[in-house]
Amino acid sequence: MLTESTLHFLAAGSLLGLSAGVSPGPLLTLVLTQTIKHNKQEGIKVALSPLLTDLPIVLLTLYVFNQLSHINLVLAIISFLGGLFVAYLGVESFRTKGIDFNTQGTPTGSIKKGVIANFLSPHPYLFWATVGAPYVYKASAVNLWAAVFFLTSFYVFLIGSKVTIAVIVARTKVFIGQKSYRIIMRILGIALLIFSILFFYDGVNYIR
């Protein structure tokens, strides 16, 4: 079950999930504001919102990708777009200096706000259309466990990182825009740039 191939997809899901979890954005900002203004439970509720919003996005992108998976040119274009998107995330990780957020006027209703913020954000759609769906497709070609490991590790690290941030902020009241956070983001940026190269490599192979 844990072969070299499945471990690759486990590692890929972990890295991509961790990067998405700690990168500045609407959902992480809401996790922080709800935690600081209320308590860690409210922040954790926001962190769990992808479990409610991502299923239709994942299913739709997987369905569309499956319909186009026999056309190598389409696969190449998707791979190139995925490479560009992951490279963009990597560059943004290097440019991250901290997280700016405003806690004024942030009422409770954390789950509802988290669902709205995540569902209206373009990032889940872009990720699953250009990165997530191709990875699941490649993993399923290896075996079912590879796809399961990719999806599971992605969401464990996506949600787990946000929950961890909420707990740390609630206990220490230390904002995440500190030097250690910037170092972590730069390390993730390097890893994402490496992954973007792999996507470009796959794109070239599809059109050979």
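By convention here, the first residue in the shown sequence is residue 1. The figures here come from the full heavy-atom set of this structure, side chains too, leaving out hydrogens, waters and symmetry mates.
Taking CD1 of I168 as the start and OG1 of T35 as the end, the distance is 11.0 Å to the nearest 0.5 Å. Put simply, CG on L144 and CZ on F149 are 9.5 Å apart, with the number rounded to the nearest 0.5 Å. Atom NZ of K45 is separated from atom OG of S110 by 6.0 Å, given to the nearest 0.5 angstrom. Here CG of L32 is found 6.5 Å from CD1 of I165. Values are rounded to the nearest 0.5 Å. Taking OH of Y88 as the start and OG1 of T130 as the end, the distance is 12.5 Å to the nearest 0.5 Å. One finds the CZ atom of F9 at 11.5 Å from the CG atom of L16 (value rounded to the nearest 0.5 Å).
The hydrophobic cluster containing L52 does not contain I159, counting ILVMFWY residues as joined when their side-chain heavy atoms lie under 4.5 angstrom apart, directly or transitively. Note on L55 and V131: separate hydrophobic clusters, where clusters join Ile, Leu, Val, Met, Phe, Trp and Tyr whose side-chain heavy atoms are under 4.5 Å apart, directly or indirectly. If you chain together hydrophobic residues whose side chains sit under 4.5 Å apart, L193 and I190 fall into the same group. Note on L59: it does not cluster hydrophobically with I57, by side-chain heavy-atom contacts below 4.5 Å among ILVMFWY residues. I207 is connected to L81 through a chain of hydrophobic side-chain contacts under 4.5 Å among Ile, Leu, Val, Met, Phe, Trp and Tyr, so both are in one cluster.
Inter-residue side-chain proximity for S19 and V86 is flagged as unmet; no heavy-atom pair is nearer than 4.5 Å. Side-chain contact between N66 and L62: absent, with no pair of heavy atoms (C-beta onward) separated by less than 4.5 Å.
Across all their heavy atoms, P124 and D54 have their closest contact at CB-OD1, 4.4 Å. Looking at every heavy atom in both residues, V31 comes nearest to K162 through CG1-O, 3.9 Å. A pairwise comparison of heavy atoms in F157 and S14 identifies CE1-OG, 3.3 Å as the closest pair. Across all non-hydrogen atoms, the minimal contact from S49 to L27 is OG-CD1, 3.4 Å. Among all heavy-atom pairs drawn from P134 and A129, the shortest one is CD-O, 4.1 Å. Between G43 and Q34, the closest heavy-atom pair is N-CB, 4.1 Å.
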Please evaluate residues L48 and L51 with respect to the criterion side-chain contact (heavy atoms from CB on, under 4.5 Å), reporting the C-alpha separation (whole Å), side-chain torsions for both, the decisive distance (0.1 Å), and the verdict. CA-CA 6 Å; L48 294 174; L51 294 178; 4.2 Å; yes
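Relative orientation of the F150 and W128 rings is perpendicular, given thresholds of 30° and 60° on the angle between their planes.
Put simply, the side chain of S196 never gets that close to the backbone of L84: no donor and acceptor are under 3.5 Å apart. S161 places a side-chain N or O within 3.5 Å of a backbone atom of L158 that can act as its donor or acceptor partner. Side chain of S140 to main chain of Y137: a donor-acceptor pair is present (N/O by atom type, distance under 3.5 Å, no hydrogens or angles).
Other residues, nucleotides and ligands contribute more than 12 heavy atoms inside 6.0 Å of the OH atom of Y125.
F154 and F127 have their aromatic ring centers within a separation under 6.0 angstrom.
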